[in-house]
Amino acid sequence: MRIRTITTTSIALLLCLIVLVNGCSSAPAPSASTKEQEETGRTSEPKKGGTITIGYPAEPDSLDVQKSAMIASSLITSFMGGALVYYDPQTQEIKPSLAESYSISEDGKKWTFILRTGITFHDGTPLTARAYKYTLERALDPGTASPLGEYMFGSIQSIEAQDDRTLILNLKQPSAQLLSNLWDASISQPLSREAVEKHGSEYGRNPVSVGPWKFENWKTGESITMVRNDAYQWGNAFTKNQGPPAADKLVIKFIKDNQTMMAALESGAIDIAANVPAKEVKKYRDSDKVTVLERMAWGVNFLEMNTENEILRDVQVRKAISLAINKEAIVNGVLQGEGEVAHSPLPSSLFGYDPASAEYGNSFNVEEAKKQLEAAGWAMTAQGVREKAGKPLTLNLLSSENWSRPSQLVQGMLKSIGIDVKIQTLDQATLIESAGKGMFDLAIVGYVDNDPNALSLFFHSKQINSLNHSRVNNKQLDSLLERGLATINQKERAKIYADIQRIVIEEAYWVPLYMEKEFYLVSDRVHGVGLQPMYGLTLQDSWVDE
């Protein structure tokens with residue numbers, strides 16, 4: 001799981017949101033080279049050399065995969081990493097990757113992985129079971145303060161490295177989510193203990209892993225550069241190229257402004273524009289110089305509310321806010337219709353989504369929103385701002401530059417029912433940090449994940465002061481979230497998550513806003529670019545035509 005605070009078209013999955021255990025079927029989105037072949041009938045032979053430059057709208061806070069919850073960090077570190085298993089988007093199966101094979105005991109509590117031989121870290125040290133043991137124990141160590149370690153690996157009781165190749169995970173109880181977590185090439189990638197100890201607190205600026213790209217440098221506020229890992233020979237079977245990348249370098253340039261991003265693409269300063277707003281995409285649909293890649297988001301964008309705020313403790317106020325927001329208007333105004341209204345905290349195509357949420361959710365109803373506020377004792381004044389006991393109904397909304405438009409729309413919608421909203425614009429890392437500490441009233445963020453247990457991060461009481469920004473402390477919800485993680489039977493698990501969604505919606509902890517399409521524009525100079533689950537771009541089959 002990663003917190004999404006980057007842009008109004010952010011990261012997600014392919015054309016259909018794919019469920020790992022019980023999902024829908026979908027063909028992978030076409031790559032840039034596939035489109036070229038379809039339109040011209042030509043095929044091109046990959047060439048070695050050159051640089052691929054990606055324009056990205058956010059800069060990561062750290063490249064230590066266990067200390068960041070940002071999508072920007074995940075995208076970049078996924079290029080440098082690998083995982084025990086991988087998700088094959090063509091067959092929708094989870095298959096061995098850095099592991100040669102794996103087995104799960106009959107009771108579901110002992111997982112044994114046999115690692116492949118010959119895999120080395122970027123610093124030359126070998127990948128062993130002991131390295132993985134160190135990695136997972138570091139993620140779970142409270143001293144690491146990982147925002148995602150407990151969520152990803154908390155079902156593990158103990159870890160054994162029987163020999164260099166045999167890794168054993170002993171679970172507290174069967175876990176319906178762990179296998180899907182282990183294919184995350186970002187946070188689940190192995191770490192070089194030597195590199196972590198060598199760099200200490202600066203490891204996040206000097207990451208080392210086992211993937212096709214090696215870290216070279218980070219120019220703060222400008223770019224991160226990676227170079228080809230010539231030793232790489234352990235690519236996954238669904239890519240044509242299982243060895244080193246063809247390009248010499250991969251550069252991620254941080255470009256927050258959309259117009260600057262488009263100008264950089266037009267001038268050739270970047271080859272790929274990531275997370276492009278829908279309004280910028282139309283003119284490139286028929287371009288012979290740029291390929292448009294798109295997919296639906298694997299997550300939900302939402303307005304979260306701090307339930308410890310004196311005003312927002314009242315569920316009637318929270319419901320009024322939810323009822324006052326016209327989600328269709330946001331989808332049309334911000335996404336140009338390239339999205340879907342969200343009724344639930346889970347995306348509609350993810351396993352566990354409750355279709356009934358569209359019926360019992362807090363649908364747009366301004367008059368009912370006003371009634372809720374009146375019932376809560378908030379009276380309208382001549383100035384158009386409600387008051388109670390002489391106190392105005394004023395709330396602060398945290399936003400980032402790329403969320404300015406939806407924030408403004410929400411501000412206007414809440415003004416119509418007498419709520420005065422002040423927008424505070426922060427950089428994304430600061431926004432997440434402030435929300436995690438409860439230093440906010442309202443905030444617009446989003447998330448991506450491949451399992452409905454993502455909701456435990458946002459609503460379990462043990463995540464207060466971390467990703468439970470709304471500071472929800474509901475014992476019934478805690479119990480359901482714990483059962484949802486441990487339940488293997490899919491029908492029972494779906495029922496548990498339906499109950500969870502109903503509580504979240506009835507208590508109005510969030511206003512689920514929308515699911516969106518994500519767009520990437522690829523210059524005809526770069527071939528073989530595709531889309532991958534979770535973090536967007538896949539470049540293993542890419543090459544540069546100089």
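Please read all numbers here as calculations on a predicted model, not as lab measurements. These values consider heavy atoms only, across backbone and side chains, with no hydrogens, waters or symmetry-generated copies.
Counting heavy-atom neighbours within 6.0 Å of Glu197 CD, excluding the residue itself, gives a total above 12. More than 12 heavy atoms of other shown residues, nucleotides or ligands fall within 6.0 angstrom of atom NZ in Lys95. More than 12 non-hydrogen atoms from other residues, nucleotides or ligands lie less than 6.0 angstrom from CZ of Arg116.
Looking only at side-chain heavy atoms (C-beta outward), Lys253 and Tyr56 stay at 4.5 Å or farther from each other. Side-chain contact check for Leu539 versus Ile54: some heavy-atom pair is nearer than 4.5 Å. Under the 4.5 Å side-chain criterion, counting only non-hydrogen atoms from C-beta, Val85 is in contact with Tyr102. Leu182 is listed as a side-chain neighbour of Leu169, based on a closest heavy-atom distance under 4.5 Å. With contacts defined as side-chain heavy-atom distances shorter than 4.5 Å, the pair Ser344/Tyr353 qualifies. Between Leu397 and Asp441, the closest side-chain pair of non-hydrogen atoms is not below 4.5 Å. Using a 4.5 Å heavy-atom threshold, the side chains of Leu426 and Leu398 count as touching. No side-chain heavy atom of Lys172 sits less than 4.5 Å from a side-chain heavy atom of Ser155.
For Trp183 and Tyr86, the ring centers are positioned 6.0 Å apart or more. In this structure, Trp510 has its ring center under 6.0 Å from that of Phe459.
In this structure, the side chain of Gln66 engages the main chain of Ala139 through a donor-acceptor pair within 3.5 Å. Side-chain atoms of Ser434 never come within 3.5 Å of backbone atoms of Met439 as a donor-acceptor pair (strictly under, hydrogens ignored). With hydrogens and angles ignored, the 3.5 Å screen pairs a side-chain donor or acceptor of Ser357 with a backbone N or O of Asp354. At distances below 3.5 Å, at least one donor-acceptor pair connects side-chain atoms of Asn301 with backbone N or O atoms of Tyr514. For the pair Ser62 (side chain) and Asp64 (backbone), a donor-acceptor distance under 3.5 Å is present. Side chain of Trp218 to backbone of Phe215: no donor-acceptor contact under 3.5 angstrom is found. Distance alone, capped at 3.5 Å, places no donor-acceptor pair between the Asp61 side chain and the Ala429 backbone. No side-chain donor-acceptor contact under 3.5 Å links Ser68 to the backbone of Val65. One N or O on the side chain of Gln501 and one on the backbone of Gly352 form a donor-acceptor pair closer than 3.5 Å. Between the side chain of Asn236 and the backbone N or O of Ser97 there is no donor-acceptor pair closer than 3.5 Å.
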Carefully, step by step, assess Thr430 and Asp427 under the rule side chain to side chain donor-acceptor pair (under 3.5 Å).
CA-CA 6 Å; Thr430 304; Asp427 66 82; 2.7 Å; yes
I would like to know whether Gln540 and Trp213 meet side chain to side chain donor-acceptor pair (under 3.5 Å); could you show each step before the answer?
CA-CA 10 Å; Gln540 187 58 22; Trp213 295 98; 5.3 Å; no
Assess the residue pair Met305 and Tyr509 against the criterion (side chain to side chain contact (heavy atoms under 4.5 Å, CB included)); give the C-alpha distance rounded to whole Å, side-chain angles, the decisive distance to 0.1 Å, and a yes or no.
CA-CA 6 Å; Met305 295 181 255; Tyr509 297 132; over 6 Å; no
What's the verdict on side chain to side chain contact (heavy atoms under 4.5 Å, CB included) for Asn217 and Ile224, showing C-alpha distance, side-chain angles and the deciding distance?
CA-CA 6 Å; Asn217 63 64; Ile224 287 174; over 6 Å; no
With side chain to side chain contact (heavy atoms under 4.5 Å, CB included) as the test, would you mind laying out the steps for Glu137 and Tyr132 before giving the verdict?
CA-CA 8 Å; Glu137 288 178 344; Tyr132 247 117; over 6 Å; no
Should Asp107 and Ser105 be marked as a side chain to side chain donor-acceptor pair (under 3.5 Å) after you check the CA-CA gap, both sets of side-chain angles, and the distance that decides it?
CA-CA 5 Å; Asp107 66 1; Ser105 64; 2.6 Å; yes
Please evaluate residues Ser186 and Thr77 with respect to the criterion side chain to side chain donor-acceptor pair (under 3.5 Å), reporting the C-alpha separation (whole Å), side-chain torsions for both, the decisive distance (0.1 Å), and the verdict.
CA-CA 5 Å; Ser186 174; Thr77 53; 2.8 Å; yes
Check the pair Leu455 / Val504 against side chain to side chain contact (heavy atoms under 4.5 Å, CB included), numbers first and verdict last.
CA-CA 10 Å; Leu455 298 184; Val504 170; 5.7 Å; no
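A side-chain donor-acceptor contact under 3.5 Å links Glu482 and His460. Donor-acceptor pairing under 3.5 Å is recorded for the side chains of Asn170 and Glu160. Side chains of Asn465 and Arg471: a donor on one and an acceptor on the other come within 3.5 Å. For the 3.5 Å distance criterion, the side chains of Tyr151 and Gln177 qualify, holding a donor opposite an acceptor. Side chain to side chain, Gln428 and Trp403 fail the donor-acceptor criterion of an N or O pair below 3.5 Å. No donor-acceptor contact under 3.5 angstrom links the side chains of Thr128 and Asp164, judged on distance only.
Asp123 and Lys214 are not joined by a salt bridge, as no carboxylate oxygen comes within less than 4.0 angstrom of a charged side-chain nitrogen. The pair Arg483-Glu492 fails the salt-bridge criterion, with no side-chain N (NZ, NE, NH1 or NH2) lying under 4.0 Å from an Asp/Glu carboxylate O. Note on Glu308 versus Arg313: no salt bridge recorded, every NZ/NE/NH1/NH2 to OD/OE distance being 4.0 Å or above. Contact check on Lys517 versus Glu294 returns a salt bridge, with a Lys/Arg side-chain nitrogen under 4.0 Å from an Asp/Glu carboxylate oxygen. Salt bridge status for Glu100 with Arg165: present, with a side-chain N to carboxylate O gap under 4.0 Å. Using a 4.0 Å cut-off between a side-chain N of Lys or Arg and a carboxylate O of Asp or Glu, Lys240 and Asp541 do not qualify as a salt bridge.
For the atom pair CG of Asp184 and CG of Leu148, the computed distance is 9.0 Å after rounding to the nearest 0.5 Å. Rounded to the nearest 0.5 angstrom, Ile104 CD1 and Trp111 CH2 are separated by 4.0 Å. Remark: Ile156 CD1 to Lys109 NZ distance equals 14.0 Å, nearest 0.5 Å.
Between Ala274 and Pro57, the shortest heavy-atom contact is O-CD, 3.9 Å. Contact between Tyr232 and Gln242 at its shortest, heavy atoms only, is CE2-O, 4.0 Å. Across all non-hydrogen atoms, the minimal contact from Ala129 to Leu115 is N-CD1, 3.5 Å. Shortest non-hydrogen contact noted between Ser209 and Pro190 is OG-O, 3.3 Å. Contact record, Gln233 with Gly243: OE1-CA, 4.0 Å, taken as the closest heavy-atom pair. Among all heavy-atom pairs drawn from Met70 and Glu59, the shortest one is CE-O, 3.5 Å.
Listed by chain and residue number, nothing satisfies the side chain to side chain donor-acceptor pair (under 3.5 Å) test with Gln157 (two or more places apart in sequence, or in another chain). Taking Glu433 as the reference, Lys437 meet the side chain to side chain contact (heavy atoms under 4.5 Å, CB included) condition, with sequence neighbours excluded.
A cation-pi geometry, defined here as NZ or CZ lying under 6.0 Å from the six-membered ring centre and within 45° of its normal, holds between Arg502 and Tyr360.
Below 30°, between 30° and 60°, or above 60°: for Phe302 and Phe458 the angle between ring planes is above 60°, a perpendicular geometry.
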